[in-house]
Structure formats: structure tokens, C-alpha cells
Amino acid sequence: MVYQATASAPVNIACIKYWGKRDTKLILPTNSSLSVTLSQDHLRSTTTSRADPSFSKDRLWLNGKEEEIVAPGRLATCIAELKKLRKELVEDKDASAPKLSTFPVHIASFNNFPTAAGLASSASGFAALVSSLAALYALPCSPSTLSLIARQGSGSACRSLFGGYVAWEQGVLDDGSDSLAVEVAPRSHWPEMHALICVVSDDKKGTSSTSGMQRTVQTSELLQHRIKHVVPKRMKEIEAAIKAKDFDAFAKVTMADSNQFHAVALDTEPPIFYMNDVSRSIIALIVEYNRVAIEKTGKRKAAYTYDAGPNAVIYTLQENVKEIVELIVKYFPQKDGFKDPFQLFAGGSVG
Ligand code: ADP
Ligand code: DP6
């Protein structure tokens with residue numbers, strides 16, 4: 001008997017950014033966040049897990065290369081948590097269920113886009129890992145319950161357990177049991193929403209999200225203001241904008257939050273710069289595009305957002321996608337190959 005399961009998960013791109021942990025082991029954030037999950041057609045991780053009593057230990061290969069699983073690291077924690085759930089929820093309840101929790105697992109995962117390049121591979125990667133083990137173990141768990149485990153792999157991964165519009169509620173409990181992802185609206189609620197990903201660089205980032213955000217927690221006064229006075233209000237505003245399908249309000253909050261996230265990175269000691277000149281030129285282009293749109297209709301038509309890297313994600317409605325792609329290609333001519341300063345990588349609907 002072969003015990004094996006495969007699952008895929010897409011990346012998500014935050015509109016209200018997670019930046020800062022109150023517990024680095026359990027990965028509990030200092031603020032709630034909200035993201036849009038992209039379609040699986042574009043950026044995804046696909047993970048196959050196999051349990052076998054003849055395996056000598058748990059092993060994982062990422063894009064064909066073995067990654068070490070060291071306890072109590074993130075990979076080891078996620079695998080251990082899922083084995084625990086298998087035992088409690090399946091094997092302890094049904095004596096005839098195979099004791100998969102006692103078998104070592106071999107896990108193989110592939111990303112169909114650059115890993116560790118600021119395109120959220122850790123989010124899709126840990127979400128796919130958790131989904132594939134949950135399928136292997138036949139766990140009767142909701143996506144929110146699985147998000148509690150994906151969160152311990154990489155915070156932003158908890159949001160990739162759902163498609164569409166997803167909030168990660170920061171929670172207040174010390175054990176993290178209320179720090180989970182919830183669906184704000186499914187993709188079908190607002191199918192006109194699209195994301196354009198502009199790959200400015202696929203180099204490995206200079207400062208990882210994990211270390212960067214801890215430095216910000218330790219040194220930035222602006223982060224404390226953001227946590228207390230800005231994010232709670234913005235979470236309400238963006239949820240209302242999504243529910244009302246109000247793109248103008250969605251765009252305003254999304255761009256403001258991207259700006260403030262990069263401001264707290266700059267407010268860190270020593271300062272962290274994630275955007276480069278091309279990133280800033282794309283901001284200028286979108287600002288001008290929106291200025292013209294506001295003049296004509298009173299409303300914004302596009303929103304930029306940047307994670308911990310120089311790559312732009314532009315949210316817009318389907319009717320504007322062609323116009324924006326043409327504008328970007330005009331001002332940032334594409335060249336062949338991935339290493340070029342700018343390449344329009346993927347245009348995708350949200351998933
Ligand atoms: P990114 O910007 O792509 O999220 P990070 O440096 O934050 O970059 O995270 C990259 C790390 O996430 C990888 O080194 C690996 O540990 C983990 N990761 C990425 N993809 C996968 C995957 N498919 N399965 C398991 N872990 C993954
Ligand atoms: C800027 O989830 O990669 O993309 O929890 O340490 O793995 P760890 O960090 P990670 O940080 C993501 C930061 C961000 C904002 C976001 O996705 O909300």
C-alpha cells in the first residue's frame with residue numbers, strides 16, 4: 001500500500017501588510033493583515049508527501065534539492081503538528097486506521113516561479129506542504145485550522161489556505177490558537193479583480209522578511225504607531241471596500257499600507273530598503289495613471305503594492321488590464337531573459 005498525496009497552493013499578496021512578530025517561535029504577528037490569493041494558474045507550489053515505514057527519517061526536497069529538516073525549525077514543527085493531528089483526530093478514534101503518524105515522510109515540492117526572490121514562495125510553499133500532509137493524513141480539518149499550522153511555517157502562508165480575499169486575525173492568546181486565517185470573500189464575489197506582477201528582480205533579497213521584521217520590532221517607533229493606530233482602522237476599511245466592491249477605496253488603502261510598510265522598514269535601525277529605482281518609477285506611473293482617472297471619473301483605477309523586495313504587484317479591474325500592461329511595456333521595455341531589470345511576469349486573476 002502506498003500512502004501518498006499531492007496538493008498545490010498559490011501565493012497571496014498582502015494589501016494590509018504583516019510586519020512584526022510578538023512571538024517568533026509560534027509566529028504570532030503584531031498586527032492583523034489581509035491579502036488577495038492569486039490564481040493557481042500563475043504562481044504556485046506543488047507538494048507531494050509520502051509516508052512509508054521503511055523510510056529512515058523525514059526528508060524534503062525543494063525544486064529537486066534536499067533541504068535539511070532540523071528540529072525545532074519551521075519545517076520540523078509543521079510536520080510534527082500534522083502528525084499529532086493525525087494521531088489525535090484519526091488514529092486514536094479509529095483503531096483500524098493505519099498508524100501513519102509513526103511513519104517517516106518524504107516530501108517533494110516544486111515552485112513554478114523563482115524561490116526566495118520576494119515573490120512569496122514561502123507562503124505558497126508552506127500552504128502546499130500543510131495541504132499535502134493534511135490530505136495524506138485524511139485530516140477532518142477546516143482551512144482555518146490548517147492555517148494555524150501553516151502560520152508556524154511562515155506567517156503569510158496561513159493566508160494561502162483560502163482563495164479570494166483573506167484576513168489573518170492576529171489573535172490575543174499566548175498559545176496562538178486564535179491567530180488564524182479567515183475568508184473575507186471568495187474570489188467569485190469580485191471576479192473582475194486582477195493582479196499584475198512586475199518582476200523587477202528575481203535576485204535573493206538582501207534582508208529576509210523574518211530578520212527584517214524583527215529588527216523593525218526592536219528599533220522602529222513608527223511600527224508601534226502603525227500597530228496601534230493605523231492597521232485596525234485599515235483592516236475595517238479594506239474589508240468594507242471588498243464587501244462593497246469599491247475599487248477606489250480598496251486601491252487607496254492598499255497603496256497607503258504598502259507605503260507605510262516601506263516607511264517602517266526605513267525607520268528600522270539600520271534602515272532597510274526593499275524598493276529600487278524601477279520600483280519607485282512604477283509607483284510614479286500608477287500615481288499619474290490614477291491622477292488622470294480621478295480627473296475623468298473621480299476614481300482610482302489601479303493600486304500598487306510591494307512586499308519585502310523590489311517587485312511590483314498592481315491590482316486593477318479586468319477592464320483596465322490591457323491598458324496598464326501597454327503602459328508598463330511602453331515605459332519599461334521588456335528584454336529577453338529573467339535577469340533583465342524588468343519583466344512583466346504574470347497577469348492573473350485572483351484565486
Ligand atoms: P519568498 O520571498 O519567496 O517568500 P523567503 O526567503 O521569505 O522568500 O522564503 C523562501 C523559503 O521558503 C525557502 O528557502 C524555503 O525554506 C521555503 N519554501 C519556499 N518554497 C517552498 C516549498 N515549495 N516548500 C517548502 N518550503 C518552501
Ligand atoms: C512583506 O511571512 O515571509 O510579505 O513569518 O518570518 O516567514 P515569516 O515572514 P513572511 O513575511 C511576509 C511579509 C510581507 C507582508 C505580508 O505578506 O503580509
Side-chain angles (χ1 to χ4, degrees), residues 7-37 43-49 60-70 73-79 107-133 150-160 166-168 170 179 181 197 199 201-217 231 235 254 257-258 260-262 264-265 272 274-275 305-311 313:
S8 290
V11 306
N12 70 76
I13 303 293
C15 300
I16 306 295
K17 305 291 186 192
Y18 146 54
W19 196 253
K21 295 180 183 70
R22 61 188 163 89
D23 183 317
T24 52
K25 173 71 183 94
L26 287 171
I27 309 198
L28 302 178
T30 47
N31 62 259
S32 295
S33 55
L34 185 142
S35 59
V36 181
T37 298
L43 311 185
R44 68 173 175 275
S45 302
T46 302
T47 304
T48 299
S49 302
L60 179 137
W61 291 262
L62 174 53
N63 301 322
K65 196 169 160 273
E66 185 159 8
E67 300 245 316
E68 242 195 303
I69 302 179
V70 210
R74 293 169 170 213
L75 282 169
T77 302
C78 288
I79 296 168
I107 302 167
S109 187
F110 289 90
N111 297 331
N112 70 345
F113 62 99
T115 299
L119 289 170
S121 72
S122 57
S124 56
F126 278 100
L129 176 107
V130 168
S131 300
S132 96
L133 283 168
R151 189 201 75 222
Q152 296 174 63
S154 179
S156 53
C158 73
R159 299 185 308 238
S160 274
V166 189
W168 172 11
Q170 67 181 99
S179 184
I197 299 181
V199 179
S201 160
D202 68 340
D203 289 346
K204 208 168 163 19
K205 351 181 189 188
T207 307
S208 74
S209 308
T210 307
S211 65
M213 70 174 79
Q214 273 330 96
R215 249 164 60 196
T216 304
V217 167
V231 174
M235 284 296 287
T254 295
D257 207 69
S258 174
Q260 193 177 67
F261 155 50
H262 289 275
V264 298
I272 311 171
Y274 285 121
M275 293 191 288
T305 187
Y306 294 79
D307 279 347
N311 301 321
V313 175

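Both ligands and their constituent atoms are indexed starting at 1 by order of listing. Worth saying up front: this structure is predicted, and the values here are computed from it rather than measured.
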Geometric N/O contact Ala123 with ligand 1, under 3.5 angstrom: no
Gly212 backbone acceptor or donor facing Thr216 side chain under 3.5 Å: yes
Minimum side-chain heavy-atom gap Leu129-Ile107 below 4.5 Å: yes
Ser208 near ligand 1 by a heavy-atom separation under 4.0 Å: no
Atoms in ligand 1 flagged as close to Ser109, the criterion being non-hydrogen separation under 4.0 Å: 22 (C), 23 (N), 24 (N)
Heavy-atom proximity to atom 20 (N) of ligand 1, best of Asn111, Asn63, Leu60, Thr46: Asn111
Option with minimal heavy-atom separation from atom 16 (C) of ligand 2, where the choices are Arg74, Arg159, Arg151: Arg159
Option from Leu43, Leu62, Thr115, Asn63 for which side-chain contact (heavy atoms from CB on, under 4.5 Å) with Ser121 holds: Thr115
Ser8 and Arg44 side chains, donor-acceptor separation under 3.5 Å: no
Audit row: Lys21, Ile27, side chain to side chain contact (heavy atoms under 4.5 Å, CB included) steps and yes/no: CA-CA 6 Å; Lys21 295 180 183 70; Ile27 309 198; 3.8 Å; yes
Structural part of Ala14 in contact with ligand 2, heavy atom criterion under 4.0 angstrom: side chain
Residue portion contacting ligand 1 (non-hydrogen atoms closer than 4.0 Å) for Asp307: neither
Atoms in ligand 2 with a heavy atom of Ser122 nearer than 4.0 Å: 3 (O)
Heavy atoms from other residues, nucleotides or ligands near CD of Glu66 exceed 12 (cutoff 6.0 Å): yes
From the candidates Thr115, Ile107, Leu75, the one that places a heavy atom nearest atom 13 (C) of ligand 1: Thr115
Numbering as shown, the atoms of ligand 2 that approach Lys21 to under 4.0 Å (heavy-atom distance): 5 (O), 6 (O), 8 (P)
Nearest non-hydrogen protein atom, atom 17 (C) of ligand 1: Phe126 CE1, 4.1 Å
Contact check: Ser156 vs ligand 2, nitrogen or oxygen atoms, below 3.5 angstrom: yes
Atoms in ligand 2 with a heavy atom of Phe261 nearer than 4.0 Å: 1 (C)
Heteroatom proximity flag, Met213 to ligand 2, N/O under 3.5 Å: no
Ser209, any N or O under 3.5 Å of ligand 1 N or O: no
Arg74 heavy atom under 4.0 Å from ligand 1: no
Proximity of Ile27 to ligand 2 by residue part, where a heavy atom lies under 4.0 Å: side chain
Within-cut-off N or O pair, Asn12 and ligand 2, under 3.5 Å: no
Protein contact to atom 13 (C) of ligand 2 [nearest heavy atom, distance to 0.1 Å]: Tyr18 O, 3.6 Å
Heavy atom of Ala120, distance to ligand 1 below 4.0 Å: yes
Contacting atoms of ligand 1, where contact means under 4.0 angstrom from a heavy atom of Ser45: 23 (N)
Residue-ligand contact Leu129/ligand 1, heavy atom below 4.0 Å: no
